[in-house]
Amino acid sequence: VSDVPIFASFKGTPPTGYQDPRLSLLGSRHIGSPPPESLSVPREEYDRHRVALGVSEGSRDITAAKDFPFEHNLDFLNGVSFSKGCYIGQELTARTHHVGETRKRVVPVSLSHNMESEQNLPLKLMLGNRTAGKLISVYDDIGLAIIRLPYIG
């Protein structure tokens, strides 16, 4: 099996590709051949765009076997099925959905200054002497943080 390139575009409506099922503002995906040059964006620009929208993606943002789907808003982004058959974590995911108790969520954050993307992450976020969450991804002056819900708003 060879690697097949996947391209993203969010700067217009391309004639090929398919809509990202997570969020329409994420644009479209193209498998195999790239979208027209006028619609292409570099990976870093795409990452800044999705982080600004509060969307986690893959192992760069999600810690396998530690983070829960609802913490990364997968219930709002078509990432969790409540009608599909068996999958790992299904019981806990279904229980969380029906009880309606999620204690943490990923949110986009603005930073007061630019940071290196891999610098000291995850970075504990404190409110006084209490841990409010952790910063998990950074792209210049924006990032993604998992915040405990009592500290939001």
Side-chain angles (χ1 to χ4, degrees), residues 5-13 17-31 35 39-153:
I6 299 175
F7 301 90
S9 65
F10 57 88
K11 288 192 164 192
T13 306
Y18 64 94
Q19 183 69 42
D20 190 310
R22 298 172 295 175
L23 187 66
S24 63
L25 292 173
L26 285 172
S28 60
R29 298 289 168 271
H30 309 266
I31 300 173
L39 300 177
S40 296
V41 295
R43 175 68 195 220
E44 188 169 303
E45 185 177 342
Y46 165 74
D47 284 331
R48 276 189 59 79
H49 178 70
R50 74 169 175 79
V51 165
L53 294 171
V55 177
S56 302
E57 188 171 273
S59 61
R60 71 182 59 153
D61 301 324
I62 302 170
T63 304
K66 188 169 182 185
D67 292 348
F68 295 105
F70 291 163
E71 291 176 354
H72 290 272
N73 301 317
L74 296 183
D75 49 333
F76 298 128
L77 297 170
N78 297 314
V80 176
S81 174
F82 298 105
S83 59
K84 182 184 168 200
C86 298
Y87 56 89
I88 295 173
Q90 178 183 14
E91 292 175 11
L92 178 59
T93 300
R95 184 170 54 247
T96 302
H97 172 70
H98 292 294
V99 171
E101 186 175 322
T102 301
R103 295 183 181 149
K104 300 179 278 185
R105 289 280 184 174
V106 164
V107 296
V109 294
S110 278
L111 306 174
S112 60
H113 62 280
N114 286 3
M115 287 181 65
E116 297 292 324
S117 55
E118 300 298 322
Q119 179 183 0
N120 303 319
L121 296 178
L123 180 66
K124 196 181 289 188
L125 301 175
M126 304 297 291
L127 188 61
N129 62 354
R130 304 185 119 187
T131 301
K134 62 183 176 179
L135 185 65
I136 58 171
S137 291
V138 170
Y139 293 91
D140 300 323
D141 63 342
I142 62 168
L144 286 178
I146 297 178
I147 304 289
R148 296 176 193 276
L149 291 180
Y151 295 101
I152 294 178

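Note: hydrogens, waters and symmetry copies are ignored here, and every other heavy atom, side chains too, is used.
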Under 3.5 Å donor-acceptor pairs involving side-chain atoms of residues 127-136, not counting sequence neighbours:
none

message = List the residues meeting side chain to side chain donor-acceptor pair (under 3.5 Å) with N73, not counting sequence neighbours, and say none if there are none.
response = R105

message = Please report the interatomic distance CG(N114) to CG(D140), rounded to the nearest 0.5 Å.
response = 4.5 Å

inquiry  = Show every salt bridge (charged side-chain N to carboxylate O under 4.0 Å, His left out) that has at least one partner inside residues 144-153, sequence neighbours left out.
reply    = none

note = I147 meets the side chain to side chain contact (heavy atoms under 4.5 Å, CB included) criterion, sequence neighbours left out, with V107, L125, A145, Y151, I152

ask   = Shortest non-hydrogen contact from G54 to V106?
value = O-CG1, 4.0 Å

I142: side chain to side chain contact (heavy atoms under 4.5 Å, CB included) partners, not counting sequence neighbours = R48, V51, A52, Y139

request  = Just do the side chain to side chain contact (heavy atoms under 4.5 Å, CB included) check on R50 and L144 with the steps written out, would you?
outcome  = CA-CA 10 Å; R50 74 169 175 79; L144 286 178; 4.1 Å; yes

request  = Could you tell me whether a side-chain N or O of N78 sits under 3.5 Å from a main-chain N or O of P21, the two making a donor and an acceptor?
outcome  = yes

key: Partners meeting side chain to side chain contact (heavy atoms under 4.5 Å, CB included) with L25 (sequence neighbours left out)   = L23, L53

By salt bridge (charged side-chain N to carboxylate O under 4.0 Å, His left out) - contacts of E44 (at least two apart) = none

inquiry  = Taking CZ in R60 as the centre, count heavy atoms belonging to other residues, nucleotides or ligands within less than 6.0 Å. Is the count above 12?
reply    = yes

ask   = E45: what forms a side chain to side chain contact (heavy atoms under 4.5 Å, CB included) with it, not counting sequence neighbours?
value = F10, K11, V41, P42

ask   = What pairs with D67 under side chain to side chain donor-acceptor pair (under 3.5 Å), at least two apart in sequence or on another chain?
value = H72

remark   = Distance col, row L111:CG vs L123:CG, nearest 0.5 angstrom, shows 9.5 Å

